[in-house]
Amino acid sequence: MSNSIAILDFGSQYAQLIARRVREAQVYCELFPWDAPREVIMAIEPRGFILSGGPNSVYAEGAPFIQPFILESGLPVLGICYGMQALTHALGGQVDASAQREYGKAMVEPLKAGGLLAGGEFQAWMSHGDRITRLPEGFSTVARSDHSPFAAMADVKRGYYGLQFHPEVNHTSGGKEILRRFVTEIAGAKPDWTPESIIEQSVERIRQQVGSERVLAAVSGGVDSSVAAALVHRAIGDQLVAVFVDTGLLRKDEPEQVVKAFGEMLGVELVAVSAAEEYFRALEGQTDPEQKRKIVGEKFIRIFEREARALGQPRFLVQGTIYPDVVESSAPDRNKADKIKTHHNVGGLPKDMQFTLVEPLRYLFKDEVRAVGEALGLPSAMVWRQPFPGPGLTVRCLGEVTPERTARLKEADAILLQELTTAGLLGKGAGTSQAFVVLLPVRSVGVMGDQRTYQEACAIRAVVTDDFMTADWARIPYDVLARISTRIVNEVRGINRVVYDITSKPPATIEWE
């Protein structure tokens with residue numbers, strides 16, 4: 001990729017968001033740990049570097065630093081928050097603890113028009129306890145705020161820029177445009193990362209990887225696995241065999257819908273496997289979220305190995321792994337963002353797996369996957385299907401996963417989706433991006449028909465998001481919530497209380513486990 005941007009992660013929870021904004025400018029980028037080897041970072045032939053924020057102080061012992069080859073490359077560099085401080089520190093400037101920390105919204109005043117910043121004061125998002133007290137030689141101040149005299153700096157001659165605020169978050173007015181100017185105007189990357197180019201490049205890579213061999217595709221009916229299978233089918237045609245495993249952990253009526261969609265809409269050879277009993281036996285007695293995910297991951301692969309033997313032992317397996325899966329499953333490190341959770345199709349795979357993975361979506365964000373799906377001609381209902389986690393209802397059935405509890409959860413979830421769809425709150429262009437029910441391992445007292453009940457509670461989770469990396473809870477009208485609650489309590493045996501989750505991401509994740 002000779003037309004790309006390398007983003008170096010110094011431990012920011014916003015690092016993915018920086019990558020997302022660069023992709024929105026139709027420029028390819030990849031996210032690397034700050035200490036990734038030179039050959040790994042430079043393999044994408046970047047046109048420039050963006051340095052993320054992070055929780056450390058540049059003057060602390062063992063703090064992350066800018067590797068020398070970054071500055072020796074002669075390429076443009078944009079430092080954000082900690083990245084700006086690291087750039088300052090590396091080039092001989094001074095960074096000190098600030099007597100007045102700056103967190104949240106602040107007004108930034110540009111001092112020079114042009115370059116990264118447009119004219120006129122704007123709102124920005126700050127999150128720092130240190131500040132620059134002396135600029136490196138060759139730099140000038142291009143913006144200030146009440147508590148940051150050097151809110152932005154620039155060395156135009158060398159193409160080095162620093163921002164004390166976070167342009168990647170929505171709270172910064174014009175932040176997307178700031179990043180676009182850096183990647184396209186200063187770094188000179190061309191905006192050619194489009195669905196059509198993604199398909200063209202993916203098809204070529206798939207053909208090079210698998211040659212004339214047969215390939216298995218793991219399909220669940222979800223957006224990711226469906227688009228991955230369609231991409232591989234575009235590349236190799238009848239060499240592909242799709243395998244669908246009914247785990248017993250899908251939503252109500254989904255197994256039938258998946259079989260119909262792949263048989264009638266895609267024309268892909270499909271093998272359906274009924275494995276619900278196997279999964280429930282493997283999950284018996286398990287309550288730890290990570291352990292449940294790993295069990296699902298291993299069972300998933302073992303079943304595919306069994307099907308592979310029946311199909312002549314294909315060596316390749318297609319999976320719908322997407323970029324946030326890869327980043328969130330990275331191992332924790334004291335200087336990098338903590339691992340959030342293990343995705344069953346990334347960190348949960350057994351080490352002795354017998355397949356070579358084909359992951360055509362591995363470097364795509366969710367909205368890019370949808371755009372590729374539409375460009376491939378997939379049905380809208382499939383492309384805009386509600387996101388669903390790889391481990392299925394195991395991550396929405398908190399506590400032990402049993403057939404009885406799972407059946408209860410499926411019924412409640414079906415009521416939620418039905419009512420939101422009827423109210424026009426789900427689907428492409430609707431107000432709610434994702435919604436589901438979580439069954440809690442909590443019982444509460446209720447009264448039904450003048451009798452005391454002691455049954456389980458469930459939570460409704462509904463969010464609004466552009467990229468699924470950050471999300472806000474959906475403001476569903478009270479009358480709709482009332483109908484949903486009434487129907488669940490009246491129609492689903494074993495649930496007598498419904499609560500609504502009003503937590504944003506972050507600090508919470510979208511899924512509960």
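Note that the structure is a prediction, hence the values are computed from the model and not measured.
- The shortest distance between side-chain heavy atoms of Leu361 and Thr321 does not fall below 4.5 Å.
- Shown here are the side chain to side chain donor-acceptor pair (under 3.5 Å) partners of Asp246, two or more places apart in sequence or in another chain: there are none.
- At least one side-chain heavy atom of Leu409 sits less than 4.5 Å from a side-chain heavy atom of Arg396.
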- Query: Is there a side chain to side chain contact (heavy atoms under 4.5 Å, CB included) between Glu305 and Phe355 once you walk through the steps?
  - Reply: CA-CA 8 Å; Glu305 288 174 342; Phe355 290 106; 3.6 Å; yes
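- Side chain to side chain, Ser444 and Asn496 meet the donor-acceptor criterion of an N or O pair below 3.5 Å.
- The closest side-chain heavy-atom distance from Val401 to Gln286 is not below 4.5 Å.
- Side chains of Phe436 and Phe388 form no contact here, defined as non-hydrogen atoms less than 4.5 Å apart.
- Counting heavy atoms from C-beta on, the side chains of Leu439 and Asp413 never come closer than 4.5 Å.
- Counting only distance, with no hydrogens or angles, the side chain of Lys410 and the backbone of Gly248 share a donor-acceptor pair below 3.5 Å.
- For Gln209, the side-chain contact (heavy atoms from CB on, under 4.5 Å) partners are Phe316, Thr356, Val358, not counting sequence neighbours.
- For Glu256, the CD atom counts as densely surrounded, since its 6.0 Å shell holds more than 12 non-hydrogen atoms of other residues, nucleotides or ligands.
- Residues that satisfy the salt bridge (Lys or Arg N to Asp or Glu O under 4.0 Å) test with Lys292, not counting sequence neighbours, are Glu513.
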- Item | Check against side-chain hydrogen bond (donor to acceptor under 3.5 Å, both in side chains), Gln123 and Ser173 | CA-CA 6 Å; Gln123 176 183 281; Ser173 301; 4.8 Å; no
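- Taking the side-chain contact (heavy atoms from CB on, under 4.5 Å) definition, one finds that Val169 meets it with Tyr14, Leu17, Trp125, His166, His171, Thr172, sequence neighbours left out.
- Taking the side chain as every heavy atom from C-beta outward, Val372 and Ile199 approach each other to under 4.5 Å.
- Applying the salt bridge (Lys or Arg N to Asp or Glu O under 4.0 Å) rule to Glu400 yields no partners; only residues at least two apart in sequence or on another chain are considered.
- Between Ile502 and Trp473, the closest heavy-atom pair is O-CD1, 3.2 Å.
- Arg405 has a carboxylate O that lies under 4.0 Å from a charged side-chain N of Glu456, or vice versa, which qualifies the two as a salt bridge.
- Applying the side-chain hydrogen bond (donor to acceptor under 3.5 Å, both in side chains) test to pairs two or more places apart or on separate chains, those with a residue in residues 220-245 are Ser220-Ser225, Asp224-Lys366.
- Not a single ring pair (Phe, Tyr, Trp, His ring centres under 6.0 Å) links Tyr279 to another residue, sequence neighbours left out.
- For Gln418 and Arg487, the side-chain atoms include at least one donor-acceptor pair closer than 3.5 Å.
- Minimum heavy-atom separation, Val273 to Arg306: CG1-NH2, 4.3 Å.
- By the side-chain contact (heavy atoms from CB on, under 4.5 Å) test, Glu368 pairs with Arg20, Arg23, Trp193, Leu364, Phe365, sequence neighbours left out.
- Here the closest non-hydrogen pair linking Phe300 and Ala218 is CZ-CB, 3.5 Å.
- Partners of Arg497 under the salt bridge (Lys or Arg N to Asp or Glu O under 4.0 Å) rule, at least two apart in sequence or in another chain, do not exist in this structure.
- No side-chain donor from either of Gln26 and Tyr28 sits under 3.5 Å from a side-chain acceptor of the other.
- Listed by chain and residue number, Glu204 satisfy the side chain to side chain donor-acceptor pair (under 3.5 Å) test with Gln208 (two or more places apart in sequence, or in another chain).
- A heavy-atom distance below 4.5 Å is found between the side chains of Val227 and Leu378.
- Residue Cys29 comes nearest to Ala19 through the heavy atom pair SG-O, 3.4 Å, listed as atom of the first residue, atom of the second, then distance.
- Glu298 has its side chain out of reach of Ile301: every pair of non-hydrogen atoms, C-beta onward, lies at least 4.5 Å apart.
- The side-chain contact (heavy atoms from CB on, under 4.5 Å) check on Ala229 picks up Ala217, Val219, Phe262, with sequence neighbours excluded.
- Distance alone, capped at 3.5 Å, is enough to place a donor-acceptor pair between the Asp9 side chain and the Ser12 backbone.
- Under a cut-off of 6.0 angstrom, the local environment of CZ in Arg475 is crowded, with over 12 non-hydrogen atoms contributed by other residues, nucleotides or ligands.
- Checked against salt bridge (Lys or Arg N to Asp or Glu O under 4.0 Å), Glu213 has the following partners two or more places apart in sequence or in another chain: Arg315.
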- Task: Check step by step if side chain to side chain contact (heavy atoms under 4.5 Å, CB included) holds for Val369 and Val223.
- Result: CA-CA 8 Å; Val369 173; Val223 179; 3.9 Å; yes
